[in-house]
Student: 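Got a structure for you, questions after.
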Amino acid sequence: MYQVGIFGEKLSHSLSPVFQNVAFKYCQIPALYEVWEFSKDELYERVNLLRKPNSLGANVTIPYKELAYDMVDDLDETAKQIGAINTIVNNSGKLKGYNTDVSGFIRSLKEIASFDPTGKNVLILGAGGAARAAIFGLVNQKVNSITVANRTVDRAVKLINDFGVDQEIFSILSVYDEKISEISLKSDLIINATSVGMKHSSMEFESLLSPDQIPANCVVYDIVYNPLITPLLKSAQEAGAEIIQGLWMLIFQGVDSFELWTGKSAPVQNMYQKAMEHFKSLG
Ligand code: NAP
């Protein structure tokens, strides 16, 4: 039996075992995906255990994505650029790190909404870890412009300074700036990468944009996946825009990880279906 799993802290609600084990079963691969929760001082030892012959590798989540980056033998190009990994692949005892948050995000845009980011104008709400992965992917796809709107403007400034590309593609503003309508209405893609709209939070029923601020011919992606249809996605539907649920970002980072571990095509729809059923069963 092959072993694979997820490294992190506070993983009791992780959906990854739910959809990864369905994928292994569907592809008839004898592997078990487990949750591996431990403290920071165990990380080095845990990473080294991935070199065993029956280990496929692991996913890595918060707070170990940057630390694990320094513990693998090799890195793929995107991981090198972003400085963090969420996937480790065991190649006969040699460990290679990848960032499928970035590749999965772009793949979800292309496969779920047939959206090609090249040459497009993007508005991204948020400047945290999720925004960073999305922006890396979009910059690599050569978008025309990216506006980063964040509550804390300085954080957005710091984030874009990390990108070694032509800074002219970026603009920054406060998420509460009135000019946001002018920008949102000219956007081809709007992404919420803040926690606004998240279930069980104080902003559960809030959307940073109302229907009149969303053009009908754009794609709106909410990275928040609980609830499946967030207040922003409801506003987008009302505006007649196409929506992508945050669950797809989660699924596609897993799809890319699965394909790296196994070399087989992941059963995307089965993984999504299973994750959604599990989600609904939680109420
Ligand atoms: P993070 O690094 O903590 O960043 C949080 C972001 O939300 C920051 O931009 C923050 O603004 C903003 N924010 C928080 N409360 C706000 C409020 N009341 N009003 C306006 N902005 C607010 O978190 P993260 O890792 O980027 O995650 C962000 C969201 O994405 C979370 O809901 C997370 O669950 C979700 N996520 C989803 C996936 C997926 O696979 N779908 C993957 C990763 C994360 P400030 O900078 O001003 O604090």
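Computation of the quantities below employed the complete heavy-atom set of this structure, encompassing side-chain atoms and omitting hydrogens, waters and symmetry-equivalent molecules. Residues: numbered from 1 along the sequence shown. Worth saying up front: this structure is predicted, and the values here are computed from it rather than measured. Both ligands and their constituent atoms are indexed starting at 1 by order of listing.
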Student: Provide the full list of salt bridge (charged side-chain N to carboxylate O under 4.0 Å, His left out) pairs with a residue in residues 247-275, sequence neighbours left out, each pair given once.
Tutor: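 Output for this query lists Arg107-Asp256, Arg107-Glu259.
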
Student: Does ligand 1 have any N/O atom under 3.5 Å from a protein N/O, and what are those pairs and their distances?
Tutor:
| unit_1 | atom_1 | unit_2 | atom_2 | d |
| --- | --- | --- | --- | --- |
| ligand 1 | 2 (O) | Gly129 | N | 3.0 |
| ligand 1 | 2 (O) | Arg155 | NH2 | 3.2 |
| ligand 1 | 7 (O) | Ser195 | N | 3.3 |
| ligand 1 | 9 (O) | Ala127 | N | 3.0 |
| ligand 1 | 9 (O) | Asn150 | OD1 | 2.7 |
| ligand 1 | 11 (O) | Asn150 | OD1 | 3.3 |
| ligand 1 | 18 (N) | Arg151 | NH1 | 3.4 |
| ligand 1 | 19 (N) | Tyr176 | OH | 3.2 |
| ligand 1 | 26 (O) | Gly129 | N | 3.1 |
| ligand 1 | 26 (O) | Ala130 | N | 2.8 |
| ligand 1 | 40 (O) | Leu250 | N | 3.3 |
| ligand 1 | 41 (N) | Ile223 | O | 2.9 |
| ligand 1 | 41 (N) | Gly246 | O | 2.9 |
| ligand 1 | 46 (O) | Asn150 | ND2 | 2.8 |
| ligand 1 | 46 (O) | Arg155 | NH1 | 2.9 |
| ligand 1 | 47 (O) | Arg151 | NE | 3.0 |
| ligand 1 | 47 (O) | Thr152 | N | 3.0 |
| ligand 1 | 47 (O) | Thr152 | OG1 | 2.5 |
| ligand 1 | 48 (O) | Arg151 | NH2 | 2.8 |

Student: Does the distance from a Lys or Arg side-chain N to an Asp or Glu carboxylate O, for Arg132 and Asp101, drop under 4.0 Å?
Tutor: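 No, no charged N to carboxylate O under 4.0 Å.
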
Student: Please tell me whether Lys52 and Gln3 have a donor and an acceptor in their side chains that are separated by less than 3.5 angstrom.
Tutor: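 Yes, because at least one side-chain N or O of Lys52 sits under 3.5 Å from a partner of the opposite role on Gln3.
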
Student: For residues Glu242 and Val220, determine if any side-chain heavy atom of one lies less than 4.5 Å from a side-chain heavy atom of the other.
Tutor: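 Glu242 does not reach Val220 side chain to side chain.
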
Student: Taking atom types as modelled and ignoring hydrogens, do the side chains of Asn99 and Tyr69 form a donor-acceptor contact shorter than 3.5 angstrom?
Tutor: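 No - no donor-acceptor pair under 3.5 Å links their side chains.
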
Student: Is Lys40 close enough and on-axis enough to Tyr64, meaning under 6.0 Å and within 45°, for cation-pi?
Tutor: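 No; the conditions do not both hold, so Lys40 does not lie above the ring face of Tyr64.
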
